[in-house]
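Proteins get letters first, then strands, A, B, ... in listed order; numbering begins at 1 in each.
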Number of protein chains: 2
Amino acid sequence: MAISSRFSVAVHILSLLEISKNERLTSEIIAGSVNTNSVVVRRIMGMLNKAGLINTSPGVAGAIISRPISQITLLDVYLAVEVDLQDHLFSIHDKANPNCLVGKNIQHTLEQRFTQAQRAMENELANVTLDQIVSDLLVQDSFIPSVPTTTNKEQL
Amino acid sequence: MAISSRFSVAVHILSLLEISKNERLTSEIIAGSVNTNSVVVRRIMGMLNKAGLINTSPGVAGAIISRPISQITLLDVYLAVEVDLQDHLFSIHDKANPNCLVGKNIQHTLEQRFTQAQRAMENELANVTLDQIVSDLLVQDSFIPSVPTTTNKEQL
DNA sequence: ATCACTTGTAACCATTATAGTTACAGGATT
DNA sequence: AATCCTGTAACTATAATGGTTACAAGTGAT
């Protein structure tokens, strides 16, 4: 199965916090941008908080990103919300018959190769900072359609 | 969630077919090595067959690997049994509010980055052939424990 | 032609993760 | 005190996985 959408939502939330850093966004407002339930947002923000990427306080709106977004990578975010996958992105069938030459050794053999593939993916994520993501968002938005529909003011 | 164990089982099956290429293994025998149900094995072998990695015939035991295992990579196997993940390893929340600057652009932005990370992982898998896996299995097995317990003859 | 054996597949089940929802205790601000 | 917010528990629907039973249909030997 695919990696959950928590990762993409988490990046969305962090980007929004950065762009609106002078406002105090409630989980309700953020949920309006993500278009989901506010509990889903609070759940993910709870993970980001636990991972030390943002600072939240019970009862008070407006989470604060804990360091410059040029120092937060996609890998940081990924690991914060996909904790289980840190150990093993790939599941390995772990009941193979030890009396069989293949069954006895396959697990260890695959472990090595799978870890290497996983690390390659993680390294790519580590090479992208939230800074770059936010820049991408802003650059894309600067595209001016031939027939303008909304102004930036009308958007959040 | 993690990538399913079908991948590891598929590699197991292919390795077993290679090592036992002079015998005609039934799905029942293979299931004995993997230590699972024979239907699970047939299901996965069905995918390998459909992907053109092995040739099976209804009613007759003994699947045949369709090309030299030096020309089959882990990526080939992965794509054969994790068809869904070929498009998108990462799920992206696709209901973001288009009236928000972030919501409007986040999907496309992440798409680019996620694809790159996915490709990096796939490239690692593409760099490993079944030949290497089988070699690994055999090399590991040649380790001689200080107190020998079973001989290779006793194993499958 | 029959018999034993096999594959391929449908159908079903238990388990698990996800994402959404309601509800509410408790902190914070005015 | 009143209001707004977070954090979290509990519940739901949905979907994927892996295992299981069952069986139709193909194969090959006798």
Practice task
Classify the nucleic acid contact of V60(B) as base, sugar-phosphate or nothing, counting any heavy atom under 4.0 Å across all strands shown.
Solution key: sugar-phosphate

Exercise for the section: Provide, to the nearest angstrom, the distance between the CE atom belonging to M1(A) and the P atom belonging to dT16(C). Expected result: 13 Å

Handout entry: Nearest-Å distance for atom pair NZ/P, residues K50(A) and dT8(D)
Key = 7 Å

Exercise for the section: Could you tell me the separation between the CE atom of M47(A) and the P atom of dG7(D), rounded to a whole number of Å? Expected result: 13 Å

Completion exercise
Side-chain contact check for V39(A): nearest option of dG26(D), dG27(C), dT22(C) is dT22(C)

Exercise for the section: Respond yes when some side-chain nitrogen or oxygen of S4(A) is under 4.0 Å from OP1 or OP2 of dA19(C), and no when none is. Expected result: yes

Handout entry: Any T36(B) side-chain nitrogen or oxygen under 4.0 Å from OP1 or OP2 of dG19(D)
Key = yes

Problem - Atom-to-atom span, CD of E28(A) to P of dA23(C) - whole angstrom - result: 15 Å

Practice task
Take the protein atom CG of L48(B) and the nucleotide atom C1' of dG8(C), then report the distance between them rounded to whole Å.
Solution key: 14 Å

Fill in the blank from the handout: When G46(B) and I3(A) are each assigned the nearest nucleotide of DNA chain C, the 5'-most assignment goes to G46(B)

Practice task
Please report, rounded to the nearest Å, how far the P atom of dG18(D) is from the CD atom of E82(B).
Solution key: 8 Å

Handout entry: For atom CZ of R42(B) and atom C1' of dT6(C), their distance in whole Å
Key = 8 Å

Practice task
May I ask you to say what R43(B) touches in the nucleic acid, namely base, sugar-phosphate or nothing, with a heavy-atom cut-off under 4.0 Å?
Solution key: base

Handout entry: Flag for E122(A)-Q118(A): side-chain donor and acceptor within less than 3.5 Å
Key = yes

Problem - Any side-chain donor near an acceptor of the partner, T129(A) and Q71(A), under 3.5 Å - result: no

Problem - Any donor-acceptor N or O pair under 3.5 Å, side chains S33(B), H12(B) - result: yes

Handout entry: Side chain of R6(B) - closest among dA19(C), dC5(D), dG18(D)
Key = dG18(D)

Handout entry: H93(B) side chain, from C-beta outward: closest of dG20(C), dT21(D), dG8(C)
Key = dG20(C)

Problem - For atom CG of L85(A) and atom P of dA17(C), their distance in whole Å - result: 11 Å

Fill in the blank from the handout: Checking dG26(D), dA16(D), dA19(C) against the side chain of S5(A) (C-beta onward), the nearest is dA19(C)

Handout entry: Distance below 4.0 Å between S27(B) side-chain N/O and dT7(C) OP1 or OP2
Key = yes

Practice task
Using atom types as modelled and distance alone, determine if a side-chain donor or acceptor of N35(B) lies under 3.5 Å from a backbone N or O of K95(A).
Solution key: yes

Exercise for the section: Identify, between G59(B) and S57(A), the residue whose nearest nucleotide on DNA chain C lies closer to the 5' end. Expected result: G59(B)

Exercise for the section: Would you check if the side chain of T109(A) reaches a backbone N or O of I133(B) as a donor-acceptor pair within less than 3.5 Å? Expected result: no

